[in-house]
Protein chains: 2
Amino acid sequence: MENQVDELVRFFKALAEPNRLRIIGLLAQKPQSVEQLATTLHVGESTVSHHLSRLGEAGLVSARAEGYYSIYALHTGALAAMAKKILHEDALPGLALGMDVDAYDRKVLSAFSDASGRIKAFPVQEKKFLVILRHILGEFEPGIRYSEKRVNQILARYSADTATLRRSLVEHGFMAREGGGGMYWRVQRTAGPHGERESEPTFPRE
Amino acid sequence: MENQVDELVRFFKALAEPNRLRIIGLLAQKPQSVEQLATTLHVGESTVSHHLSRLGEAGLVSARAEGYYSIYALHTGALAAMAKKILHEDALPGLALGMDVDAYDRKVLSAFSDASGRIKAFPVQEKKFLVILRHILGEFEPGIRYSEKRVNQILARYSADTATLRRSLVEHGFMAREGGGGMYWRVQRTAGPHGERESEPTFPRE
DNA sequence: GATGTAATTCTATATTCATGAAAGTAGTTC
DNA sequence: GAACTACTTTCATGAATATAGAATTACATC
């Protein structure tokens, strides 16, 4: 969730400051009072208190009251836990959870299509042309054989230049054509352990 | 060195920002262009470029030129390496390297001593009194037996109240006294695997 | 209870920095 | 070469924050 990002930001922000890192280094040697840290670091006590507060919010330190002293100690486990979290499970892609990863595609489509969804012009750049092709590909169902005439019929919804679209779909491997009969089908792409794989299932007619 | 801290700060600062974390999440899925990231994140391209620059300085991403595109990719190794560095060797105490960890002691000593080094008053707080005692303890060499008379002679350099000093040194375990003969020696503290340990070696006279 | 001490919270200030607009750069297409 | 595209850099601005001093709180000592 978005919460995941916020938690990480709080954690990394806590560590992203020189004096706070030094405090961690000092507390790694032994628990210490605010005054001790302040004199060692040559900064004000209120400043140290502020830093310790931020470190505490991130779960990195905690205080033990001792008289009117606050003896702060390092939570070594917190660092280790976070390191493992980053290292072990690849939580990295999880950071992008809940984001519209198709925003770019939508932007390209709307830039090259008119209100009715027809293509105004073919993008020069292959990267954007592929977005168009992938979109049009959605009109074809996997596992069905289409005659060339039928293919052209469908493509005509997007552009008068059906020949270019048809050829591009084949060239880029989105669709395949039977050698002699002039039948087309959508290529199935299944992500295998070693990259993409194409499969050619049996075909009913549309 | 101080360099160690700076490097870590650069690294953590790079990760301490929501959009940069999201960029990492997106790049973990596949390498992408600046424009793609910008549209997905709904921020300007210059902003994304700025973020990528910071991530690059931290060694987290790198760009591959492709036409006039810059395709950025994640350096998964960098994260893992840093995680291991934090986790494995306890580099934590190393963060405090080159800092005067005795600043607090000096502050206490100068607060309770006059110019000649004599104690003006005994601190009420045990914490600070211990600083005084540890300082005076430096006058006694380990492995040597002192008569009570000799001990008083040495303590008299610091305060007329040698009795309080002598008793405190023993009470806090800094020095030990032979039952009948009235001989004193400095207790050796060696940090063993299970905390502190006291040892009582053989003694020559001073 | 009065005094003193350590810590925290409050307030003000200076610095850092995320952001986007505009200008500049590099590479592509015609 | 002219027009275009993606990207980067520069610049200005608003928000976040590190810092220290002042006020406040919590506790201890006399």
Side-chain angles (χ1 to χ4, degrees), chain A residues 5-6 9-10 12-23 31-39 41-58 61-72 104 107-108 111-112 121-129 131, chain B residues 5-6 9-10 12-23 31-39 41-58 61-72 104 107-108 111-112 121-129 131:
Chain A
V5 169
D6 289 342
V9 167
R10 191 153 15 94
F12 286 126
K13 264 201 162 92
L15 294 169
E17 211 277 335
N19 275 332
R20 282 202 284 269
L21 281 183
R22 294 191 189 101
I23 286 175
Q32 294 180 49
S33 69
V34 176
E35 186 185 14
Q36 246 169 322
L37 294 169
T39 57
L41 292 171
H42 304 294
V43 295
E45 296 178 22
S46 64
T47 302
V48 172
S49 196
H50 164 70
H51 286 317
L52 287 168
S53 165
R54 287 197 159 269
L55 289 173
E57 287 168 13
V61 306
S62 69
R64 162 174 56 90
E66 190 169 295
Y68 40 60
Y69 291 90
S70 292
I71 308 296
Y72 280 85
Y104 178 73
K107 179 187 169 190
V108 171
F112 288 92
F122 291 153
V124 171
Q125 301 141 72
E126 186 180 36
K127 200 177 177 188
K128 298 188 173 177
F129 190 49
V131 172
Chain B
V5 170
D6 289 342
V9 167
R10 192 152 16 93
F12 286 126
K13 265 202 162 92
L15 295 168
E17 212 277 335
N19 275 332
R20 282 202 284 269
L21 281 182
R22 294 190 190 102
I23 286 175
Q32 294 181 49
S33 69
V34 175
E35 186 186 14
Q36 245 169 321
L37 294 169
T39 57
L41 292 171
H42 303 295
V43 295
E45 297 177 21
S46 64
T47 301
V48 172
S49 193
H50 164 70
H51 286 317
L52 288 168
S53 165
R54 288 198 158 267
L55 290 173
E57 287 168 13
V61 306
S62 68
R64 163 175 55 91
E66 190 169 293
Y68 40 60
Y69 292 91
S70 292
I71 308 295
Y72 280 85
Y104 177 73
K107 179 186 171 190
V108 172
F112 288 91
F122 292 153
V124 172
Q125 300 142 72
E126 187 180 38
K127 199 177 177 187
K128 296 185 173 175
F129 191 49
V131 172

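Throughout, a chain's letter reflects where its sequence line sits, starting with A, and its residues are numbered from 1.
Nearest approach of B:Pro31 to B:Ile71, heavy atoms of both residues: CB-CG2, 3.7 Å. In plain terms, the two heavy atoms of B:Arg10 and B:Ala58 that are nearest each other are O-CB, 4.1 Å. Minimum interatomic distance between A:Ala16 and B:Ala16 (heavy atoms only, all atoms of both residues): CB-CB, 4.2 Å. B:Val5 and A:Leu21 make their closest contact through O-CD1, 3.9 Å (heavy atoms, listed as atom of the first residue, atom of the second, distance).
Every residue two or more places apart in sequence or in another chain that forms a ring pair (Phe, Tyr, Trp, His ring centres under 6.0 Å) with A:Phe122 is listed here: A:Phe129. Applying the side chain to side chain contact (heavy atoms under 4.5 Å, CB included) test to B:Lys128 and every residue at least two apart in sequence or in another chain returns A:Glu35, B:Tyr104, B:Val108, B:Phe112, B:Pro123, B:Gln125. Under the salt bridge (charged side-chain N to carboxylate O under 4.0 Å, His left out) criterion, A:Glu126 pairs with no residue at all, not counting sequence neighbours. For A:Glu17, the side chain to side chain contact (heavy atoms under 4.5 Å, CB included) partners two or more places apart in sequence, or in a different chain, are A:Asn19, A:Arg20, A:His51.
Looking at B:Leu37 and B:Leu52, their side chains come closer than 4.5 Å, going by heavy atoms from C-beta outward.
With rounding to whole Å, A:Gln36 atom CD is found 9 Å from C:dA7 atom P. Going from atom CD of A:Gln32 over to atom P of C:dA7 covers 11 Å, rounded to whole Å. Rounded to a whole Å, the OH atom of A:Tyr68 is 12 Å from the P atom of D:dC27. Atom CG in A:Leu52 sits roughly 16 Å away from atom P in C:dA6 (whole-Å rounding). Rounded to whole Å, atom P of C:dA6 lies 14 Å from atom CG of A:Leu37. A straight line from CZ of A:Phe129 to P of C:dT29 spans 14 Å, rounded to a whole angstrom. Taking atom NZ of B:Lys107 as the reference point, atom P of C:dT5 lies 11 Å away to the nearest angstrom. Taking atom CD1 of residue A:Ile71 and atom P of nucleotide D:dA26, one finds them 19 Å apart after rounding to whole Å.
Taking only side-chain atoms of B:Glu35, from C-beta outward, the nucleotide of D:dT8, D:dA6, C:dT8 with the closest atom is D:dA6.
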(request) Could you run through nucleotides 9-20 of chain D and give me one letter per nucleotide, 5' to 3': B if any protein heavy atom sits under 4.0 Å from the base, S if only the sugar-phosphate is that close, - if neither? (result) B-------SSBB
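Looking at heavy-atom distances under 4.0 Å, B:Lys128 makes contact with sugar-phosphate atoms alone, never a base.
Distances shown here put every side-chain N or O of B:Tyr69 at or beyond 4.0 Å from the OP1 or OP2 atom of D:dT8. Residue A:Gln125 places no side-chain N or O under 4.0 Å from the OP1 or OP2 atom of C:dT28.
Each end of the helix from C:dG1-D:dC30 to C:dC30-D:dG1 gets its own axis from five base pairs, and the two axes differ in direction by 20°, given to 10 degrees.
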